[in-house]
Amino acid sequence: MPKIYNTLAREKQVFTPIVAGKVSMYVCGMTVYDYCHLGHARVMVVFDMVSRWLRASGYDVTYVRNITDIDDKIIKRANENNETIGQLTQRFIQAMDEDSAKLGVIRPDIEPKATEFIDGMLSMITALIEKGFAYPAQGKDGHGDVFYAVNSFEGYGKLSGKSLEDLRAGERVEVDSHKKDAMDFVLWKAAKPNEPSWDSPWGKGRPGWHIECSAMSEHHLGHQFDIHGGGQDLQFPHHENEIAQSEAAHSHDGKTCQMVNYWMHNGFVRVDDEKMSKSLGNFFTIRTVLEKYDAEVVRFFILRAHYRSPLNYSDQHLDDAKLALTRLYTALRGLSVDDDIAIDWQQSQAASFKAAMDDDFNTPEAFAVLFDLANEVNKTKSAETAALVKRLGRTGRLVAA
RNA sequence: GGCGCGAUAGCAAAGCGGUUAUGCCGCGGCCUGCAAAGCCGUUUAGACCAGUUCGACUCUGGUUCGCGCCUCCA
């Protein structure tokens, strides 16, 4: 049985799916207004590894990763480029697909786009208003925004460990007179002139960011599902707000039902010990890095660190990864046989590998087993051992060989 | 300010209350006509201060430093 570090519980827990043998997993994907950088690569590769390992463990996995194709930055960028939003997002979705394919990432089973789920969002917002969790903008000049009333949801803060009191004490929250509470967040934004918009009971507008994931996960995975993943920076406010929206919208007679059983958050990619991000401008796009390094080296670089640890990017580290990976391949050179037969998990190293992967996807430990096996191959020239390396490596696509 | 995470050898990165992590680099051998690859051996650890314990890198408390979230962010 795999163990997963559950952000909600702040500890590793034995993974027990809602339906035996099946896993429903939702991961927050990209906002498509630019090329993906290494931080995005990490999310794609990590959850690809997670879904592959769960499948290799016998689970029937349904993996959903959304595409955010409407938001402020997309609108802004499309205007700057003098192209339509559709043209812009189409271009970058294609670029994302190319990048992820090179990194050996299997396409998620379902990749819903926000703009295709406006109806679902509207009905969820309506339900939230009816149940008293949301309200149209306050004041006489209320301009068609709809807000979520954060203090109406009892569990607000349970994922991020923040209390409303502490959050309000922070001075960084934007004041908006149309809100009842400074911490309330927008579910629906009134359209400004020359912005794309959809009709709604509150006038023309477009969705807030958080509601899309609530609507799309509900549609594809239901009111309750097994795993929800994403980058650490989404823990608050995005995922906290998803919980508030979904659990409130799905409540019956004031009783809420848990939205997600296991929350997984991957660590950041850093540059010089700082988070790689667009706003800091210290990012490297996947395609830039792939000009210099093989995709498999990049994938190895990502997976040789534990998914929750910070990962420092530098050429030196990529060079190191390249050499290490070469050792693995050199050992396998010319010794390929029988790599299609099933793995005997009783076998000692296979068991160690499985134990590592089942321990919250400990890929560094799993790689150590692979390197031990490579050493054995070098000594014995055993084709059987070489085949085992290949078969094990393939389970989470730790190596492609 | 609030909340949280981390500190492991030259670099990177894991597990573990007592037994070689692993990879790269360095050093010494072996092998080879030379090299490459490989094999064997080997030098560098656990920020600091206390405590618990027969024994702590591993548990507890404190200190220092670094990072993240609290605003868009993977």
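Quick caveat, the model's predicted, so the values are computed rather than measured. Reminder, nothing fancy here: chain letters follow the sequence lines and each chain counts from 1.
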(message) With nearest nucleotide decided by heavy atoms, which residue, A:Gln232 or A:Asp273, maps closer to the 5′ end of RNA chain B?
(response) A:Asp273
(message) Would you measure the distance from the P atom in B:A45 across to the matching atom in B:G6 and give it in whole Å?
(response) 25 Å
(message) Could you tell me how far apart A:Leu332 (CG) and B:G38 (P) are, to the nearest whole angstrom?
(response) 12 Å
(request) Looking at every strand, decide which applies to A:Met44 at a 4.0 Å heavy-atom threshold: base, sugar-phosphate, or nothing. (result) nothing
(request) Apply ring pair (Phe, Tyr, Trp, His ring centres under 6.0 Å) to A:Tyr156 and A:Tyr148, showing your working. (result) CA-CA 11 Å; A:Tyr156 197 79; A:Tyr148 187 98; 7.1 Å; no
(message) Between A:Lys12 and A:Asp359 (salt bridge meaning N to carboxylate O under 4.0 Å), is one present in this structure?
(response) yes
(request) Considering only atom C1', compute the distance from B:U22 to B:U8 and round it to an integer number of Å. (result) 13 Å
(message) Reading 5' to 3' and counting Watson-Crick or G-U wobble pairs with both distances under 3.5 Å, write the dot-bracket notation for RNA chain B, | for bases paired outside the strand.
(response) (((((((..(((.....[...))).(((((.......)))))....(((((..]....))))))))))))....
(message) How many whole angstroms separate atom CZ of A:Phe268 from atom P of B:A74?
(response) 10 Å
Table of protein N/O atoms under 3.5 Å from nucleotides 22-29 of chain B N/O atoms:
residue : atom : partner  : partner atom : Å
B:G23   : N2   : A:Asp320 : OD1          : 3.2
B:G23   : N2   : A:Asp320 : OD2          : 3.4
B:C24   : O4'  : A:Asp320 : OD1          : 3.3

(request) Considering only atom C1', compute the distance from B:A13 to B:C34 and round it to an integer number of Å. (result) 36 Å
(message) Side chains of A:Asp358 and A:Trp53: any donor to acceptor distance under 3.5 Å?
(response) yes
(message) Between B:A7 and B:C49, how far apart are the two C1' atoms, rounded to whole Å?
(response) 15 Å
(request) Write down the distance separating the P atoms in B:G29 and B:C11, rounded off to the nearest Å. (result) 26 Å
(request) Report which part of the nucleic acid A:Val27 touches: base, sugar-phosphate, or nothing (heavy-atom distance under 4.0 Å, all strands). (result) nothing
All N/O pairs under 3.5 Å across the protein-nucleotides 3-6 of chain B interface:
residue : atom : partner  : partner atom : Å
B:C3    : O2'  : A:Gly161 : O            : 3.4

(message) Closer than 3.5 angstrom, by distance alone: can the side chain of A:Ser214 be matched with the main-chain N or O of A:Glu242 as a donor-acceptor pair?
(response) yes
(message) What contact category does A:Gly267 fall into here, base, sugar-phosphate, or nothing, at under 4.0 angstrom with non-hydrogen atoms?
(response) base
(request) Select base, sugar-phosphate, or nothing to describe what A:Arg270 touches, counting heavy atoms under 4.0 Å on all strands. (result) sugar-phosphate
(message) Classify A:Ser309 by what it touches in the nucleic acid, base, sugar-phosphate, or nothing, heavy-atom distance under 4.0 Å.
(response) sugar-phosphate
(request) Indicate, with a heavy-atom threshold strictly under 4.0 Å, whether A:Asp359 touches base, sugar-phosphate, or nothing. (result) nothing
(message) Say we look at B:A37 and B:G26: how far apart would their P atoms be, to the nearest angstrom?
(response) 11 Å
(request) Calculate the interatomic distance between A:Met96 atom CE and B:A74 atom P; express it in whole Å. (result) 11 Å
(request) Establish, from distance only, whether the side-chain atoms of A:Ser382 and A:Glu376 form a donor-acceptor pair under 3.5 Å. (result) no
(message) Counting C-beta onward and ignoring hydrogens, is there a side-chain heavy-atom pair between A:Val298 and A:Leu318 closer than 4.5 Å?
(response) yes
(request) Could you tell me the separation between the CD atom of A:Glu365 and the P atom of B:A21, rounded to a whole number of Å? (result) 12 Å
(request) Could you tell me if the ring centre of A:His220 sits under 6.0 Å from that of A:Phe117? (result) yes
(request) Measure the distance from CG on A:Leu164 to C1' on B:G2 and round it to the nearest whole Å. (result) 13 Å
(message) Centre-to-centre under 6.0 Å for A:Phe147 and A:Phe185, is that the case here?
(response) no
(message) Regarding A:Asp372 and A:Gln349, do their side chains bring together a donor and an acceptor under 3.5 Å, going by distance alone?
(response) no
(message) Tell me whether the side-chain N/O atoms of A:Lys275 come closer than 4.0 Å to OP1 or OP2 in B:C69.
(response) yes
(request) Go through B:C39, B:G68, B:C70 for me and flag the one nearest to the A:Pro237 side chain. (result) B:C70
(request) For A:Glu195 and A:Lys189, run salt bridge (charged side-chain N to carboxylate O under 4.0 Å, His left out): C-alpha distance rounded to whole Å, both residues' side-chain angles, the deciding distance at 0.1 Å, then the answer. (result) CA-CA 11 Å; A:Glu195 275 187 358; A:Lys189 293 178 159 184; over 6 Å; no
(message) Over all strands shown, is A:Lys73 touching base, sugar-phosphate only, or nothing at heavy-atom distances under 4.0 angstrom?
(response) base
(message) Work out how far the C1' atom of B:G23 is from that of B:A9, and round it to whole angstrom.
(response) 14 Å
(message) Within a 6.0 Å radius of atom CD on A:Glu154, are there more than 12 heavy atoms belonging to other residues, nucleotides or ligands?
(response) no
(request) Using the C1' atoms only, state how far B:G46 lies from B:C59, rounded to an integer number of Å. (result) 15 Å
(request) Could you check how far CG of A:Asn362 sits from C1' of B:C16, rounded to whole Å? (result) 12 Å
(message) Under a 3.5 Å cutoff, is there a donor and acceptor pairing between the side chains of A:His317 and A:Ser314?
(response) yes
(request) Check for a donor-acceptor pair, side chain of A:Asp226 on one end and backbone N or O of A:Met25 on the other, with a separation under 3.5 Å. (result) no
(message) I need the NZ-C1' distance between A:Lys76 and B:C72, as an integer number of Å.
(response) 11 Å
(request) Please check if the side chain of A:Ser123 supplies one atom and the backbone of A:Asp119 the other of a donor-acceptor pair under 3.5 Å. (result) yes
(request) Among the candidates B:C11, B:C39, B:G68, find the nucleotide nearest to the side-chain atoms of A:Gln316. (result) B:C11
(request) Under 4.0 Å between any heavy atoms, over every strand shown, what does A:His37 touch: base, sugar-phosphate, or nothing? Just pick one. (result) base
(request) Take atom OH of A:Tyr329 and atom P of B:A37, then tell me their distance rounded to the nearest Å. (result) 18 Å
